[in-house]
Participant: 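Structure provided below as structure tokens; questions to follow.
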Amino acid sequence: MSILVIAEHDNSNLKAGTLNTLAAAQQLSGDVDLFISGNNHDGVINEAKTIDGLNQIISVDSEIYNNFLAEDIANIVASLESEYDYFLAPSSTFGKNFMPRVAAKIDTQMISDIIEILSEDTYKRPIYAGSCIATVKSNDSKKVITVRTTAFDPVQKNNSDVPVKTIDALTELNLSSFVGEELAQSDRPELTSASIVISGGRGMQSGDNFHLLDSIADKLGAAVGASRAAVDAGFVPNDYQVGQTGKIVAPDLYIAVGISGAIQHLAGMKDSKVIVAINKDEDAPIFQVADYGLVADLFNALPEIDSKL
Amino acid sequence: MKILVPIKRVVDYNVKVRPLSDNTDVDLNNVKMAVNPFCEIALEEAVRIKEAGNADEIIAITVGKNESQEQLRTALALGADRAILVESDELLEPLAIAKVLAKISTEESPDIILMGKQAIDGDNNQTGQMLAELLGVSQATNASEVTIEGDVLKVTREIDGGLQTIQITKPAIITTDLRLNEPRYASLPNIMKAKKKELTVKPVTDLGIDVTKRVDVLSVELPPSREAGVMVETVDDLLEKLKNEAKVIS
């Protein structure tokens, strides 16, 4: 059996989720190759050469792949169909964008967002925003899978020289083109890989009030997140959103501030190791999943926490 | 210009879904069903494009059981001009649904297919991309803004790091994210009018597509529950417990 993991990166660095996806791949039996499509991504290849348990790196370097457009990535990944039995990618907006195209191209019913591998063909995955966990068995001969990265511990990087095989780019499909990007610039850790996350909800009342969270986040080395309600209200941009349709996080400590705890939000954070809820409504459902609950007005509690850290 | 809007009948998003007692599937007995929220957003966007004079016809389509006619009537009340039900007694998997939609798209030749990025039952987030691949057309997933400039569509997409804008050419598939728009409610006169609009039912067996299941659901269970936590009275108590009991801050 041979397994191909498609790397997520930004042409400079690997995204952390790639290492978690590799960990899932290594639970299957077979050689694991890492596929890196990008443009001038030598830094990514050098980083990947240090990953433990890799058979080889397959690299394709072309400006066609500079912006990771789904049509062209799916095209080249699917062109490797005859060489692999498994195709895995992180279940991020990157992986979700092109993997279904790969599956359609090789006529396989894809399995999204697995959280556990029970055997070569049987996996667990959340459905209904995580209200239930389904155990599913794929009967297709080729498997196309996305991995919920928080459910697998990352592989280590103690290796030195994983071999690299370079392949040629395919002809550009020219179906879509990149116009621009507005990426959040932050010195804080990334939401999905931070060990502490502090999130605000509708209770924050305004975007300005998020500075109360920022200050605590800086002291704790935490990432700042938000509920859908806070994003919909325009307090913070979409990339803050934790939940069913936003980011899935599972940090060591998750602090939910002014968040009621709608199931859509819980779906994104309930696998956190320790959950703290601060809310002035003692009946808020968030308290049902919290390890520590504090019924308080956040406008008093946050400055107090900030001053005592 | 013609817009095709695939929609899905799902459990209402307010319903807390539980497994059946024998854990073979989720318990959908007597639960409220609705149009998948992301599909409502897709339909609303189509209606706005038509209202802006950029489209002539909106066709709502679903692949599902006969009772899905209810959701198609809702779509007609919200502004679709006609509707198609591809009837199947079995609930189909995303790839099979994409194949059915591809077949109908070849017959209808829509300029844009607008659909939800995922259905809130299976949370798969696959059908739109699969359909785009089967038709060999471009895609823009997770749309939060759509601008039409002649044959060119500019779509802003919600991605993990922020926002990305891409340009796609018709025919194309756009899947919708939450913040694309706020769907309207159907007015009573429009609900009445919807009853007279054309709704075609085609059995899936007439399409000659292999829709055999590829994946077996072996069991459906509740996720492991979290142990009950404690309530603390003060910020000092909280910080003390986080430092000394949970040991997650220093």
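Each chain gets a letter, A, B and so on, in the order its sequence line appears, and its residues count up from 1.
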Participant: What option among B:T156, B:V26, B:V10 has the most heavy-atom pairs under 4.5 Å with chain A?
Facilitator: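 Highest number of heavy-atom pairs under 4.5 Å: B:V26.
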Participant: Quick check on B:L218 against chain A: is it the side chain, the backbone, both or neither that has a heavy atom closer than 4.5 Å?
Facilitator: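 B:L218 touches chain A through backbone and side-chain heavy atoms alike.
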Participant: Relative to each other, are the rings of A:F68 and A:F94 parallel, tilted or perpendicular (30° and 60° limits)?
Facilitator: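 Plane angle over 60°, so perpendicular.
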Participant: What part of B:Y13 gets closer than 4.5 Å to chain A, counting heavy atoms only: side chain, backbone, both or neither?
Facilitator: both
Participant: With no hydrogens and no angle check, do the side chains of A:S92 and A:E8 hold a donor and an acceptor under 3.5 Å apart?
Facilitator: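 The answer is yes; a qualifying pair exists.
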Participant: For B:N142, is it the side chain, the backbone, both or neither that has a heavy atom under 4.5 Å from a heavy atom of chain A?
Facilitator: side chain
Participant: Between A:I196, A:V231, A:D252, which residue shows the highest count of heavy-atom pairs closer than 4.5 Å to chain B?
Facilitator: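 Top option by heavy-atom pairs under 4.5 Å: A:V231.
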Participant: What residue in A:D239, A:T93, A:N67 has the most heavy-atom pairs under 4.5 Å with chain B?
Facilitator: A:T93
Participant: Given heavy-atom pairs under 4.5 angstrom as the criterion, report whether the side chain, backbone, both or neither of B:I249 touches chain A.
Facilitator: side chain
Participant: Do B:Q71 and B:T62 have side-chain atoms, one donor and one acceptor, less than 3.5 Å apart?
Facilitator: no
Participant: A:K15 vs B:D160, test: salt bridge (charged side-chain N to carboxylate O under 4.0 Å, His left out). Steps then yes/no.
Facilitator: CA-CA 11 Å; A:K15 297 270 167 143; B:D160 286 339; over 6 Å; no
Participant: What part of B:L239 lies closer than 4.5 angstrom to a heavy atom of chain A: side chain, backbone, both or neither?
Facilitator: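 For B:L239, the side chain is the part near chain A, not the backbone.
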Participant: Side chain, backbone, both or neither: which part of B:V152 has a non-hydrogen atom closer than 4.5 Å to chain A?
Facilitator: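 Contact with chain A is absent: no heavy atom of B:V152 under 4.5 Å.
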Participant: I'd like to know if the side chain of A:N139 pairs up with that of A:Q109 as donor and acceptor (distance under 3.5 Å, no hydrogens or angles considered).
Facilitator: no
Participant: Does the pair B:T234 and B:D236 meet the rule for a side-chain hydrogen bond (donor to acceptor under 3.5 Å, both in side chains), with working shown?
Facilitator: CA-CA 5 Å; B:T234 65; B:D236 287 328; 5.0 Å; no
Participant: State, without any angle test, whether B:Q126 and B:E93 hold a side-chain donor-acceptor pair at a distance under 3.5 Å.
Facilitator: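 No - no donor-acceptor pair under 3.5 Å links their side chains.
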Participant: So which part of B:S225 gets closer than 4.5 Å to some heavy atom of chain A, the side chain, the backbone, both or neither?
Facilitator: neither
Participant: Could you look at B:L178 and say if it's the side chain, the backbone, both or neither that has a heavy atom under 4.5 Å from chain A?
Facilitator: side chain
Participant: Have A:N75 and A:K105 got a donor and an acceptor in their side chains that come within less than 3.5 Å?
Facilitator: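 A pair is found: one side chain offers a donor N or O, the other an acceptor, under 3.5 Å apart.
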Participant: Is B:R18 in contact with chain A via its backbone, its side chain, both, or neither, using a 4.5 Å heavy-atom distance?
Facilitator: backbone
Participant: Would you sort out whether B:N23 and B:E221 count as a side-chain hydrogen bond (donor to acceptor under 3.5 Å, both in side chains), showing the intermediate values?
Facilitator: CA-CA 6 Å; B:N23 290 107; B:E221 290 156 329; 5.3 Å; no
Participant: Among A:M99, A:Q288, A:R125, which has the most heavy-atom pairs under 4.5 Å with chain B?
Facilitator: A:R125
Participant: Side-chain donor-acceptor pair under 3.5 Å between B:N181 and B:E45, yes or no?
Facilitator: yes
Participant: Which region of B:A132, side chain (C-beta onward) or backbone (N, CA, C, O), has a non-hydrogen atom less than 4.5 Å from a non-hydrogen atom of chain A, or is it both or neither?
Facilitator: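 Answer is both: backbone and side chain atoms of B:A132 are under 4.5 Å from chain A.
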Participant: Using distance alone, with no hydrogens and no angle criterion, decide if B:D22 and B:T24 have a side-chain donor and acceptor under 3.5 Å apart.
Facilitator: yes
Participant: Is it the backbone or the side chain of B:V232 that comes under 4.5 Å from a heavy atom of chain A, or both, or neither?
Facilitator: both
Participant: Pick whichever of B:L153, B:V248, B:I168 has the most heavy-atom pairs under 4.5 Å with chain A.
Facilitator: B:V248
Participant: At a heavy-atom distance under 4.5 Å, which candidate from B:E158, B:E245, B:Q139, B:E227 has the highest pair count against chain A?
Facilitator: B:Q139
Participant: A:E282, A:K273, A:Q241: which one forms the most heavy-atom pairs within less than 4.5 Å of chain B?
Facilitator: A:Q241
Participant: Using a strict 4.0 Å threshold on nitrogen-to-oxygen distance, state whether A:D107 and B:R214 make a salt bridge.
Facilitator: yes
Participant: With chain A as the partner, which of B:R157, B:K213, B:K154, B:E233 has the greatest number of non-hydrogen pairs under 4.5 Å?
Facilitator: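 Most pairs with chain A among the choices: B:R157.
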Participant: At a heavy-atom distance under 4.5 Å, which candidate from B:G229, B:A246, B:A98, B:P223 has the highest pair count against chain A?
Facilitator: B:P223
Participant: Pick whichever of A:S112, A:A129, A:A70 has the most heavy-atom pairs under 4.5 Å with chain B.
Facilitator: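 Top option by heavy-atom pairs under 4.5 Å: A:S112.
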Participant: Is the shortest heavy-atom distance from the side chain of A:P126 to the side chain of A:I115 under 4.5 Å?
Facilitator: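 Result yes, sub-4.5 Å side-chain heavy-atom pair found.
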Participant: With only heavy atoms counted, which part of B:E182 is less than 4.5 Å from chain A, the side chain, the backbone, both or neither?
Facilitator: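 Nothing of B:E182, per the 4.5 Å heavy-atom cut-off to chain A.
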